[in-house]
Amino acid sequence: MEGGKKTIVVALGGNAILQPGQKGTFDEQMVNVHVTCEQLAHMVESGKYRVVVTHGNGPQVGNLLLQNEAGKEVAAPMPLFVCGAESQGLIGLMIQQNLGNLLAEQGKGDIPVATVVTQVVVDKSDPAFANPAKPVGPFYSEEEAKALETEKGYNVREDAGRGWRRVVPSPDPIEINEKAAIRQLVEAKAIVIASGGGGIPVIRENGKLVGVDAVIDKDLAGERLAVDVGASIFMVLTDVDSVRLNYNTPEEKVISTMTVDEAKGYAEEGHFAKGSMDPKVKAAVRFVEAGGEKAIITSLDQAVAALEGRAGTTITKS
Ligand code: ADP
Ligand code: MG
């Protein structure tokens, strides 16, 4: 591999693209993505890393589902997994354009930046399919929800007093289908954006790939991607600068480093909330157990410091 550079997979959290309370206009998202790309550009600039980027898509796919719903009489609504593909294109464009412009400003315009529409294979016998639990898309009245259940076979559920919503399975990612293409781009020195939103979930049926309406956790899919591109470092950037014990209590304590065994122990003791920090720690543990050098969980503004061991939470084997 090129000049001893390490490959790093960076998983961007929702905040890197859309801040809470924002409407989600293109201009708002571009401003956030610009700030994010400044940090990515610092990593590239250091000359030490080949950078692969993945990202969440919750608010973007939520908006696409709302648009589908509102416009269903005039334009054919797309399945959820197609909305996932659309969001990969949208977010990929914002990163490609911002990062490309920043690199060009630094005289590094020759570095290609490319997004790969990424399918992620899941197992159709994954237990998640028997227990759809991840709420997606618009809120409905009970009556509307029950109608969708009959007409479209949706699974619907009342969501914490806020109304009814569709729930979909969240299966474990097994394989990044486009891994060979992604690897070739990385070897050709491109900065690759892949597996956005946890990837487009597909199952194998009679040797063919078929899209399924499900949502894959983006941190767990990011870990698969990191293993598949032979990354040394898997970095999860979120809205907290480090993982904490006893989070949000008077006994809260920053974890600067933890071993895989310590991480598993803390997870078992319930320190990491399901659906937010728990999948990040699980992904970090899987990456190191699969032979990765280290995983880092931190915030965007601490990313460069965390790579030098001066911030964030680092997870290693021992
Ligand atoms: P992302 O969009 O980056 O995936 P999430 O909201 O899914 O963000 O996960 C990050 C959140 O995890 C933090 O904002 C924090 O509130 C929450 N969290 C839960 N448990 C912990 C913990 N033990 N230490 C730090 N943050 C935690
Ligand atoms: Mg999350």
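First listed ligand is number 1; within each ligand, the first listed atom is number 1. Positions are given from 1 along the sequence.
Under the side-chain hydrogen bond (donor to acceptor under 3.5 Å, both in side chains) criterion, the residue pairs touching residues 92-109 are His34-Asn98, Glu45-Gln106, Gln96-Thr115, with sequence neighbours excluded. Identified under the side-chain hydrogen bond (donor to acceptor under 3.5 Å, both in side chains) test for residues 196-207, with sequence neighbours left out: Glu175-Arg204.
With respect to the salt-bridge test (charged N to carboxylate O, under 4.0 angstrom), the residues Arg166 and Glu69 do not qualify.
Contact shell of ligand 1 (protein heavy atoms, cutoff 4.0 Å): Gly13, Gly14, Lys218, Thr238, Asp239, Val240, Ser242, Val243, Arg244, Tyr247, His271, Phe272, Ala273, Gly275, Ser276, Met277, Lys280.
Hydrophobic cluster of Leu148: the remaining members, joined at side-chain heavy-atom separations below 4.5 Å, are Tyr140, Tyr154, Val156, Trp164, listed by chain and number.
Note: Phe287 and Phe234 have tilted aromatic rings, judged against thresholds of 30 and 60 degrees for the angle between ring planes.
By the criterion of side-chain heavy atoms lying less than 4.5 angstrom apart, applied directly or through intervening Ile, Leu, Val, Met, Phe, Trp or Tyr residues, Val202 is not grouped with Val122; the two fall into different hydrophobic clusters.
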